[in-house]
Trainee: 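Sending over a structure as structure tokens; questions will come in a sec.
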Amino acid sequence: IFIHPANKQYSKCLVLVGASGDTVEGFAPLVTEFSKHITDTSFCSFNFSTTCSEGSLLDLQSQELQEVFKELTTKHDFNEINIFTTSMGAYATTYLLNNNTYSTIINHVIFYDPADYYISAKFAGSDDSTWSGPDLYRPNKEVVSNRLKLIDSQAKISVVHLTLRNYSKSGYIDTDFSDRGFDHEFGYPRLSKQMVKHFYHCIPVKNQAGYIKEAGVPHGGITRYGNIQANLHKVSLTCSLLLKTPNS
């Protein structure tokens with residue numbers, strides 16, 4: 001677990017919950033940019049497991065996020081914790097919101113282009129694990145987003161959908177990472193817009209803080225695809241505005 005800045009702790013903390021493969025090092029540029037727009041806040045990042053010898057990787061990551069919160073609530077004096085979660089991190093975050101031990105300290109959660117999964121999926125990352133832009137979102141089993149209907153807390157929850165069309169039925173349109181920030185008229189967003197919107201519809205009305213569409217930022221490649229500095233600026237600015245809203 002990495003806390004920034006290391007030499008000073010604020011009363012508020014923003015926890016970054018990424019996808020499998022998002023690391024402390026990978027999130028470092030985003031933390032730096034966040035600190036320019038979100039002041040008087042500590043930032044927490046950590047590494048999820050990327051493999052699981054048995055059972056579900058998604059469930060293992062859910063346990064790991066709860067362990068992170070156990071440390072944040074027992075070893076630190078944070079009065080308020082906010083969460084920025086993207087992609088696969090939505091699974092563990094949703095389960096955390098169902099945990100009454102930690103949900104009471106959570107003030108605002110930003111689901112930044114969340115990916116939905118069947119509950120207890122054996123592995124996350126294969127082609128059929130979530131729903132991409134070209135896919136028809138019609139789950140035939142219980143999905144994790146439905147668990148948002150069960151939350152019993154005062155946390156405000158925002159959902160951001162990334163509308164950049166850089167994906168096709170056969171994968172990314174552009175091979176080069178630097179080109180994946182281009183929007184293609186006949187392309188699709190990386191994730192299904194129906195799926196992302198379903199996350200918001202599952203949130204109890206009292207917890208809903210806003211659903212917005214973000215153009216120009218590539219899913220899963222904030223620090224790798226397209227214009228990286230522009231990505232970082234847009235993400236941090238959007239999140240800082242959401243966290244400053246009156247109902248947050």
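If you're wondering where the values come from, they're calculated on a predicted model, not measured in any experiment.
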Trainee: Please lay out, stage by stage, how I81 and N107 fare under the test side chain to side chain contact (heavy atoms under 4.5 Å, CB included).
Mentor: CA-CA 6 Å; I81 297 180; N107 179 62; over 6 Å; no

Trainee: Linking Ile, Leu, Val, Met, Phe, Trp and Tyr through side-chain heavy atoms less than 4.5 Å apart, which residues share a cluster with Y172?
Mentor: Y167, F177, Y225

Trainee: Would you tell me whether D116 and H198 have side-chain atoms, one donor and one acceptor, within less than 3.5 Å of each other?
Mentor: no

Trainee: K156 versus Q208: any side-chain heavy-atom pair under 4.5 Å?
Mentor: no

Trainee: Mind checking whether L97 and L148 have side chains closer than 4.5 Å, heavy atoms only?
Mentor: yes

Trainee: For K234 and A215, indicate whether the former's side chain and the latter's backbone hold a donor-acceptor pair under 3.5 Å.
Mentor: yes

Trainee: Is a side-chain N or O of T130 found less than 3.5 angstrom from the main chain of A115, in a donor-acceptor match?
Mentor: no

Trainee: For the residue pair G216 and N231, what are the closest heavy atoms and their distance?
Mentor: O-OD1, 3.8 Å

Trainee: Checking S132 against D135: is there a side-chain donor and acceptor pair closer than 3.5 Å?
Mentor: yes

Trainee: Just wondering, do N82 and V109 contact through their side chains at under 4.5 Å, heavy atoms?
Mentor: no

Trainee: Using the side-chain contact (heavy atoms from CB on, under 4.5 Å) rule, pick out the option among V196, T93, V160, V17 that qualifies with F111.
Mentor: T93

Trainee: Do N166 and R180 meet the criterion of a side-chain donor-acceptor pair at a distance under 3.5 Å?
Mentor: no

Trainee: Does a donor on one side chain and an acceptor on the other come within less than 3.5 Å for S49 and E64?
Mentor: yes

Trainee: Test: salt bridge (charged side-chain N to carboxylate O under 4.0 Å, His left out). Region: residues 13-36. Which pairs qualify, not counting sequence neighbours?
Mentor: E33-K36

Trainee: Taking the side chain from S87 and the backbone from G89, do they hold a donor-acceptor pair closer than 3.5 Å?
Mentor: no

Trainee: Heavy atoms, side chains only, cut-off 4.5 Å: are T104 and S153 in contact?
Mentor: no

Trainee: Test your reading of the model: is there a side-chain donor-acceptor pair from R165 to the backbone of E185, 3.5 Å cut-off?
Mentor: yes

Trainee: Check C202 against N146 and note the closest heavy-atom contact, atom names and distance.
Mentor: SG-OD1, 3.6 Å

Trainee: For the pair W131 and F199, evaluate ring-ring contact (aromatic ring centres under 6.0 Å, His included) and give the outcome as yes or no after the intermediate values.
Mentor: CA-CA 13 Å; W131 288 262; F199 266 90; over 10 Å; no

Trainee: Are side-chain N/O atoms of T101 and N99 paired as donor and acceptor at under 3.5 Å?
Mentor: yes

Trainee: May I ask you to test the I157-Y200 pair for a side-chain heavy-atom distance under 4.5 Å?
Mentor: no

Trainee: Run through the side-chain heavy atoms of Ile, Leu, Val, Met, Phe, Trp and Tyr, join any pair under 4.5 Å, and report what else lands in F2's cluster.
Mentor: V24

Trainee: Looking at K193 and L162, would you say the former's side chain and the latter's main chain have a donor-acceptor pair under 3.5 Å?
Mentor: no

Trainee: For T175, check side-chain hydrogen bond (donor to acceptor under 3.5 Å, both in side chains) against everything at least two apart and list the hits.
Mentor: none

Trainee: Within the 4.5 Å heavy-atom criterion, are S145 and Y117 side-chain neighbours or not?
Mentor: no

Trainee: Taking ring pair (Phe, Tyr, Trp, His ring centres under 6.0 Å) as the test, write out the residues that go with H201, two or more places apart.
Mentor: none

Trainee: I1 and E71: side chain to side chain contact (heavy atoms under 4.5 Å, CB included), yes or no, with the steps?
Mentor: CA-CA 9 Å; I1 296 176; E71 180 163 329; 3.6 Å; yes

Trainee: Return yes if some donor-acceptor pair links the side-chain N/O of R224 with the main-chain N/O of G220 below 3.5 Å, else return no.
Mentor: yes

Trainee: With heavy-atom distances below 4.5 Å as the criterion, would you say the side chains of L14 and S42 are in contact?
Mentor: no

Trainee: When you measure from the side chain of Y91 to the backbone of I119, do you find a donor-acceptor pair of N or O atoms at a distance under 3.5 Å?
Mentor: no

Trainee: Any side chain to side chain donor-acceptor pair (under 3.5 Å) pairs touching residues 3-19, not counting sequence neighbours?
Mentor: Q9-H76

Trainee: Could you give me the CA-CA distance, side-chain angles and deciding distance for T41 and F34, then say whether side chain to side chain contact (heavy atoms under 4.5 Å, CB included) is met?
Mentor: CA-CA 10 Å; T41 297; F34 269 146; over 6 Å; no

Trainee: Let me see the working for S56 and L60 under side chain to side chain contact (heavy atoms under 4.5 Å, CB included), right down to the final yes or no.
Mentor: CA-CA 6 Å; S56 163; L60 173 61; over 6 Å; no

Trainee: Any donor-acceptor pair under 3.5 Å linking the side chain of T39 with the backbone of S35?
Mentor: no

Trainee: Could you tell me how the ring of F27 sits relative to the ring of F84: parallel (under 30°), tilted (30 to 60°) or perpendicular (over 60°)?
Mentor: perpendicular

Trainee: Tell me the closest heavy-atom pair linking L164 and G181, and the distance in Å.
Mentor: CD1-O, 3.5 Å

Trainee: Ignoring hydrogens and angles, tell me if any N or O in the side chain of D179 forms a donor-acceptor pair with the backbone of D174 under 3.5 Å.
Mentor: no

